[in-house]
Amino acid sequence: MARTPKTDLTREEKKARADAAEQEALLREVDDAVRQGDFESFATSYGKPLLGVLIAGLAAFGGYLWWDNQNEQKMEAQSEALVVALDQLEAGNNAAALEKLNGMEGEGTAVISAKLLRAGLASEAGNDAEAVKLFGEVADDESAPKVMRDMALLRRVTLQYDDLEPAEVIAALKPLATPGEPLFASAGEIVAHAYLAQGKRAEAGALFGQIARAEGTPEGTRSRVLNMAGILGVDAVDDVEKLLDSQRVDPQAEARQPAAE
């Protein structure tokens with residue numbers, strides 16, 4: 001017959017369990033006290049420096065937000081000024097546009113665009129020295145977008161062409177006179193003429209031919225370089241029929257032209 005499990009504890013067993021529970025509670029209190037003491041010690045030693053770091057961090061973040069807001073407002077103002085200047089130019093008020101453009105200072109694409117417009121106006125007014133200076137500043141500005149730097153370089157070299165040695169022209173524009181570059185046709189035509197000035201007819205003819213075959217070459221430029229390539233003995237016409245179609249005059253359009261008096 002199985003024995004019934006013993007559930008009643010003896011007096012000694014009850015006392016032992018009570019002592020163990022009391023010791024466990026005491027150890028927990030001591031541990032909590034130690035932890036509390038460690039925290040108070042940590043707070044006393046490092047609390048103020050950490051608070052200072054936190055305050056400094058919040059101040060720096062707030063300063064950045066203020067700077068970003070101010071910078072954004074400045075860029076918006078510059079963009080608005082550029083739009084006003086463009087409207088003035090479109091209306092033919094060059095003097096008013098130039099006054100607005102001259103007032104744009106600082107950094108950003110709008111300011112760089114304003115400098116390019118100022119250079120263009122200077123060139124149009126016959127002030128090539130001022131135009132060369134402004135185009136040079138944009139060309140050397142590493143913060144400017146590449147397309148703007150390249151355009152400024154091309155315009156600067158074009159204005160200085162007669163004062164530069166052919167080798168200088170080639171060295172400056174050869175990176176742009178590469179098939180696939182956005183300004184290939186314009187830069188390539190100038191470089192080809194510089195080759196001619198050096199007596200390098202083969203190099204000039206080959207480059208004129210590349211420009212003629214390149215997609216995106218303006219038709220006016222294509223016609224010029226085709227003639228130059230032909231003079232230099234380079235056949236740059238891949239599709240004769242297409243070329244003839246592009247140059248064929250529409251009889252109906254010609255008939256609509258007013259008769260010469």
Side-chain angles (χ1 to χ4, degrees), residues 116-117 119-129 131-136 138-140 144-261:
L116 286 173
L117 288 173
L121 289 172
S123 177
E124 185 178 331
N127 190 353
D128 287 351
V132 166
K133 172 180 172 293
L134 293 172
F135 281 133
V138 175
D140 295 335
K146 183 179 183 300
V147 64
M148 288 186 168
R149 297 200 310 271
D150 291 347
M151 186 184 302
L153 175 62
L154 177 60
R155 291 296 306 277
R156 178 180 68 78
V157 173
T158 302
L159 289 172
Q160 291 183 302
Y161 185 87
D162 291 335
D163 299 322
L164 296 174
E165 293 294 328
E168 293 178 301
V169 174
I170 295 168
L173 296 185
K174 196 168 184 179
L176 309 184
T178 303
E181 285 291 320
L183 301 175
F184 169 56
S186 299
E189 189 174 9
I190 296 174
V191 170
H193 281 286
Y195 279 138
L196 279 179
Q198 289 182 324
K200 298 180 179 179
R201 296 172 59 86
E203 289 86 344
L207 187 50
F208 281 130
Q210 283 184 311
I211 299 169
R213 296 187 188 96
E215 293 184 6
T217 297
E219 288 306 317
T221 302
R222 195 187 307 278
S223 178
R224 287 197 307 272
V225 297
L226 272 172
N227 290 333
M228 293 301 301
I231 292 171
L232 294 170
V234 176
D235 183 6
V237 180
D238 293 328
D239 190 336
V240 177
E241 289 298 326
K242 182 178 180 181
L243 175 63
L244 292 176
D245 286 341
S246 68
Q247 295 181 343
R248 186 174 291 123
V249 177
D250 183 358
Q252 294 181 356
E254 190 176 39
R256 288 194 295 268
Q257 296 295 326
E261 295 181 1

Who are the side-chain hydrogen bond (donor to acceptor under 3.5 Å, both in side chains) partners of Glu203, not counting sequence neighbours? none

Does any part of the side chain of Phe208, heavy atoms only, come nearer than 4.5 Å to the side chain of Leu196, both counted from C-beta? yes

Non-neighbouring partners of Lys200 that pass salt bridge (Lys or Arg N to Asp or Glu O under 4.0 Å), sequence neighbours left out: none

Test side chain to side chain contact (heavy atoms under 4.5 Å, CB included) applied to Ser186 - qualifying residues, sequence neighbours left out: Leu154

Closest approach of Ala187 to Leu176 (non-hydrogen atoms, all atoms of both residues): CB-CB, 3.7 Å

Can you sort out the partners of Thr158 under side-chain hydrogen bond (donor to acceptor under 3.5 Å, both in side chains), two or more places apart, ordered by chain and number? none

How far apart are the closest heavy atoms of Ala152 and Ala139, and which atoms are they? CB-N, 3.8 Å

Which ring-ring contact (aromatic ring centres under 6.0 Å, His included) pairs, counting each pair once, include a residue from residues 145-182, with sequence neighbours left out? none

Rounded to the nearest 0.5 Å, how far does CG of Leu153 lie from CG of Leu183? 9.5 Å

To the nearest 0.5 Å, how far apart are CG in Leu226 and CD1 in Ile231? 11.0 Å

Residue pairs meeting salt bridge (Lys or Arg N to Asp or Glu O under 4.0 Å), one or both in residues 183-197, sequence neighbours left out, come to Glu189-Arg224

Run the side chain to side chain contact (heavy atoms under 4.5 Å, CB included) test against Asn227 and tell me which residues pass, sequence neighbours left out. Ser223

For the side chain of Arg156 and the backbone of Gly136, is there at least one donor-acceptor N/O pair under 3.5 Å apart? no

Measuring from Leu116:CG to Leu121:CG, what's the distance to the nearest 0.5 Å? 11.0 Å

What are the two closest heavy atoms between Ile211 and Gly188, and how far apart are they? CD1-C, 3.4 Å

Who pairs with Glu168 by salt bridge (Lys or Arg N to Asp or Glu O under 4.0 Å), at least two apart in sequence or on another chain? none

Give me the atom names and distance for the closest heavy-atom approach of Pro166 to Ala197. CG-CB, 3.8 Å

Of all residues at least two apart in sequence or in a different chain, which pass the salt bridge (Lys or Arg N to Asp or Glu O under 4.0 Å) check with Arg201? none

If you compare all heavy atoms of Ala192 against all heavy atoms of Ala204, which two are closest, and at what distance to 0.1 Å? O-CB, 3.4 Å

Check: Arg222 main-chain N/O paired with Thr217 side-chain donor or acceptor under 3.5 Å: no

Among residues at least two apart in sequence or on other chains, which ones pass side-chain hydrogen bond (donor to acceptor under 3.5 Å, both in side chains) with Lys174? none

Using the side chain to side chain contact (heavy atoms under 4.5 Å, CB included) criterion, which residues pair with Pro179? Sequence neighbours excluded. Phe184, Gln210

Closest approach of Ala131 to Ala119 (non-hydrogen atoms, all atoms of both residues): CB-O, 3.4 Å

Roughly how far, to the nearest 0.5 Å, is the CG atom of Asp128 from the CG atom of Leu159? 5.0 Å

Would you please name every residue forming a side chain to side chain contact (heavy atoms under 4.5 Å, CB included) with Glu215, sequence neighbours left out? none

Looking at CD1 of Ile170 and CD of Glu165, how far apart are the two atoms once the value is rounded to the nearest 0.5 Å? 11.0 Å

For Gln198, is the CD atom crowded, meaning more than 12 foreign heavy atoms sit under 6.0 Å from it? yes

